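Note that the structure is a prediction, hence the values are computed from the model and not measured.
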There are 2 protein chains.
Amino acid sequence: MTTTPGDRPDLPTVPDAELLRLDHQVCFSLHAASRAFGGFYRQALKDLGLTYSQYLVMLVLWEHGPQPVKAIGERLYLDSGTLSPLLKRLEAAGLVRRERSREDERSVLIEPTGEGADLRDRALAVPRSVLAATGLSVEEVLGLQDVLRRLTTALGETADAA
Amino acid sequence: MTTTPGDRPDLPTVPDAELLRLDHQVCFSLHAASRAFGGFYRQALKDLGLTYSQYLVMLVLWEHGPQPVKAIGERLYLDSGTLSPLLKRLEAAGLVRRERSREDERSVLIEPTGEGADLRDRALAVPRSVLAATGLSVEEVLGLQDVLRRLTTALGETADAA
DNA sequence: CCCAATCAAGTTGTACACAACTTAGTTGTG
DNA sequence: CACAACTAAGTTGTGTACAACTTGATTGGG
């Protein structure tokens, strides 16, 4: 016990109840903020006919062009169990095409349709309203992202270790 | 590029692509961090037989005692659509009792069983390992929480407005 | 007193997320 | 060449989230 994360020699004597409360607040405030974001995006994306996760996939396609399911999954940290049905829904909505690769028959290439590509212009309104809605300064946003990325990396590594 | 974030008067001229990318990173890094946390908790809670959300409910019950579904929902920002099935699973696991209130027959009181109360001691190990796994200093954790809480509030308010 | 509005839970339907598994295609090595 | 190991998608099952709705209880205004 008495885990000392780095820079202070005197934080060991944190009582159980405090630790529990601190922990509760970290994981929970993150969870709550993520869901609040989800709620905002649900509104903002409603007339584009996209869910938040579908929007993330379209962002990847708009930014990096056609690519296999695997590559999309690596960018978004999602596996085929999540992406396969999601991509089928995007296909059913007429926004992407799914095409089995000739070079490697295991791979399926995802590419935006004309309609999917056109959607990008309308999607530009979304980030503007989101940025305004956060009420955060740009410095805070950048700082937040830095902490979150380190957190994601650290948690990912310990998960691998376990 | 005109990458002058924040404190200058000339930030309006942020090009579309930048805005889109910034936005992508905020919502996505939050989403990714939240899911990384989820993965870590999945491991840490496995031998307690709890999911992350069930753990949050138990935290509320351990900290504030027996209370109606409504109150739990207000603390965790969850509605009955999420809580009702979750609480049934906790009941089936023998960790809580659900009892219709006599004063107000609409309300259902949730209270930990003996087994549910006992689980608290074993759960104390979880926050220790989580705190260690984050790799963050206490200052960073507190700063993070502050930003996240303001973010949640701000996004919640604009959602109400819409 | 009565009934419309409100309220707490629960239900239904959709969409992630993810573990565990299956299927089919590819690759490296003996 | 053969075949085991690996890989990419997809499938299945469980568990959140959340909108929209239903049910039954409570309450406030006329």
List every contact pair, protein side and nucleotides 20-25 of chain C side both N or O, where the distance is under 3.5 Å.
from	atom 1	to	atom 2	distance (Å)
C/dG25	N2	A/R106	NH1	3.1

If you pin A/P68 and B/P85 to their nearest nucleotides in DNA chain D, which one's is more 5'?
A/P68

When rounded to whole Å, the CG to C1' distance for the pair B/L78 and C/dA8 reads 16 Å

In whole angstrom, give the distance that lies between atom CG of A/L83 and atom P of C/dA15.
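The answer, rounded to whole Å, is 15 Å.
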
From [options], pick the nucleotide closest to the side chain of [X]?
| X | options | answer |
| --- | --- | --- |
| B/R100 | C/dC16, C/dG10, C/dA8 | C/dG10 |
| B/T82 | D/dT16, C/dA9, C/dA17 | D/dT16 |
| B/L86 | C/dA19, D/dT16, D/dA9 | D/dT16 |
| A/K88 | D/dT11, D/dG10, C/dC18 | D/dT11 |
| B/R89 | C/dA9, D/dG10, D/dG15 | D/dG15 |
| B/T51 | C/dC16, C/dC18, D/dG15 | D/dG15 |

Is there a side-chain contact (heavy atoms from CB on, under 4.5 Å) between B/T51 and B/Y41 once you walk through the steps?
CA-CA 8 Å; B/T51 66; B/Y41 272 98; over 6 Å; no

With both distances under 3.5 angstrom, what nucleotide forms a Watson-Crick or G-U wobble pair with C/dG30?
D/dC1

A/F28 versus B/R75, closest heavy-atom pair with distance:
CZ-O, 3.4 Å

Determine whether a donor-acceptor pair (N or O, by modelled atom type, separation under 3.5 Å) exists between the side chain of B/Q67 and the backbone of B/G65.
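Side chain of B/Q67 to backbone of B/G65: a pair is present.
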
Under a 3.5 Å distance rule, please check whether B/S84 uses its side chain to pair with a backbone N or O of B/G81 as donor and acceptor.
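Not confirmed, B/S84 side chain does not pair with B/G81 backbone.
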
Sugar-phosphate only, base, or nothing, as touched by A/K46 at under 4.0 Å among non-hydrogen atoms:
nothing

Categorize B/S84 for me: base, sugar-phosphate, or nothing, with a 4.0 angstrom heavy-atom threshold over every strand shown.
base

Tell me whether B/E111 is salt-bridged to B/R98, with the criterion being a basic N under 4.0 Å from an acidic carboxylate O.
no

Passes side-chain contact (heavy atoms from CB on, under 4.5 Å), B/R97 versus B/I110? Steps please.
CA-CA 6 Å; B/R97 253 185 303 277; B/I110 308 298; over 6 Å; no

Side chain to side chain contact (heavy atoms under 4.5 Å, CB included) against A/R102, all qualifying residues, sequence neighbours excluded
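Applying side chain to side chain contact (heavy atoms under 4.5 Å, CB included) to A/R102 gives A/E99.
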
